[in-house]
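Each remark here refers to the structure printed beneath this line.
The chain is numbered in sequence order, starting from 1. Values reported hereafter were calculated over all heavy atoms of this structure, with side chains retained and with hydrogens, waters and symmetry mates removed.
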Amino acid sequence: MGSSRPQRADARTNRERILNVAEEVFGRGGQSASTEEVARLANVGIATVFRHFPTKAALLEAVLVQRFDRLRAQAEALFHATDPGTAFFDFFSHLVADAAGKIAIGEALLEAGGDDPGDAAQASDGLRRAVGTLLQHAQRVGAVRDDVELPEVYALLVATSRASAHAHLKEEVRDRMLAIVFDGLAPLRNSRPQLKI
């Protein structure tokens with residue numbers, strides 16, 4: 001009876017190690033990566049991987065949930081930043097730089113048959129809400145124009161993330177692209193024509 005507690009701790013440690021290795025393996029290799037490679041690099045048997053995650057899709061969904069939750073926590077840590085504008089733009093840049101791995105994992109999940117992400121979709125929504133809060137804080141201090149809302153800002157975030165990941169942009173090109181986007185999000189100046197919708 002006393003031995004069950006260490007086993008649970010070992011199981012928890014194995015699960016965390018499998019998730020961390022899987023995030024790296026699938027983030028780098030996407031659809032071509034395998035659960036066998038995850039097991040090998042996590043130093044566990046393939047049966048241990050499948051005991052925690054019955055399918056490749058279940059493993060990939062758990063990896064995405066972990067990734068979204070970590071990014072959401074990073075965003076929430078910036079809610080009380082002394083400079084909300086810098087916090088918003090820096091986090092936007094961080095998400096774009098981080099996107100290639102997330103996209104690779106998401107595409108691997110679709111390939112593995114995980115077309116109804118469930119928990120991953122909820123975790124993604126949590127990240128989206130956190131970005132919305134950073135946006136509101138940046139707007140409140142005048143760092144971001146007040147006539148934009150989260151849907152269009154998030155569309156820009158997704159578009160720049162996908163462009164950066166799929167076009168394999170060099171860092172300096174990505175930075176110039178973000179500078180243009182950020183200039184568009186800056187408060188309107190009298191000389192800039194307003195968009196008519």
Side-chain angles (χ1 to χ4, degrees), residues 20-33 37 41 60 63-64 66-111 120 123-195 197:
N20 291 335
V21 168
E23 182 172 357
E24 184 181 330
V25 167
F26 287 104
R28 192 178 58 240
Q31 300 168 17
S32 64
E37 184 182 2
L41 292 174
L60 286 162
V63 168
L64 272 182
Q66 175 177 272
R67 195 176 188 108
F68 284 133
D69 285 348
R70 184 176 62 245
L71 290 168
R72 177 189 43 75
Q74 289 170 357
E76 289 173 350
L78 297 171
F79 283 179
H80 303 293
T82 54
D83 184 346
T86 298
F88 169 76
F89 289 117
D90 284 354
F91 192 68
F92 191 116
S93 299
H94 173 66
L95 288 178
V96 172
D98 181 71
K102 184 200 76 65
I103 291 169
I105 295 164
E107 288 173 351
L109 175 58
L110 287 174
E111 181 72 17
S124 176
D125 285 345
L127 173 59
R128 182 187 174 104
R129 285 192 301 274
V131 170
T133 300
L134 289 177
L135 172 63
Q136 289 173 349
H137 291 180
Q139 287 174 313
R140 201 170 296 137
V141 298
V144 174
R145 52 194 283 181
D146 60 9
D147 64 333
V148 298
E149 295 180 4
L150 182 59
E152 56 264 30
V153 170
Y154 217 75
L156 283 170
L157 178 55
V158 170
T160 51
S161 294
R162 288 197 172 277
S164 180
H166 287 300
H168 306 290
L169 298 180
K170 292 181 180 175
E171 191 174 338
E172 60 268 22
V173 175
R174 185 188 69 216
D175 289 346
R176 288 198 304 270
M177 173 183 71
L178 286 174
I180 293 165
V181 171
F182 294 168
D183 185 55
L185 290 172
L188 291 170
R189 290 165 182 79
N190 292 336
S191 58
R192 180 184 291 164
Q194 282 197 291
L195 186 64
I197 299 175

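In this structure, F92 and L157 approach most closely via the heavy-atom pair CZ-CA, 3.5 Å. L169 and A163 get closest at one heavy-atom pair: CG-O, 3.9 Å. Of all the heavy atoms in A165 and A99, the pair that sits closest is CB-C, 4.5 Å. The heavy-atom pair separating V25 from A33 by the smallest distance is CG1-CB, 3.6 Å. The nearest pair of heavy atoms linking V141 to G85 is CG2-N, 4.3 Å. The two residues A120 and L64 make their nearest non-hydrogen contact at CB-CB, 4.1 Å.
No more than 12 heavy atoms of other residues, nucleotides or ligands shown are found within 6.0 angstrom of CD on E171.
Looking at heavy atoms from C-beta onward, F89 lies in side-chain contact with L185 at the 4.5 angstrom threshold. Considering only heavy atoms from C-beta on, H137 stays 4.5 Å or farther from F88 through its side chain. In this structure the side chain of E149 never reaches within 4.5 angstrom of the side chain of L135, judged on heavy atoms.
No donor-acceptor distance shorter than 3.5 angstrom exists from the side chain of S164 to the backbone of T160, with no hydrogens or angles considered. The closest donor-acceptor contact from the side chain of Q139 to the backbone of R145 lies under 3.5 Å.
In this structure, L134 CG and F91 CZ are separated by 6.5 Å, a value rounded to the nearest 0.5 Å.
Using a 4.0 Å cut-off between charged nitrogen and carboxylate oxygen, D69 and R72 count as a salt-bridge pair.
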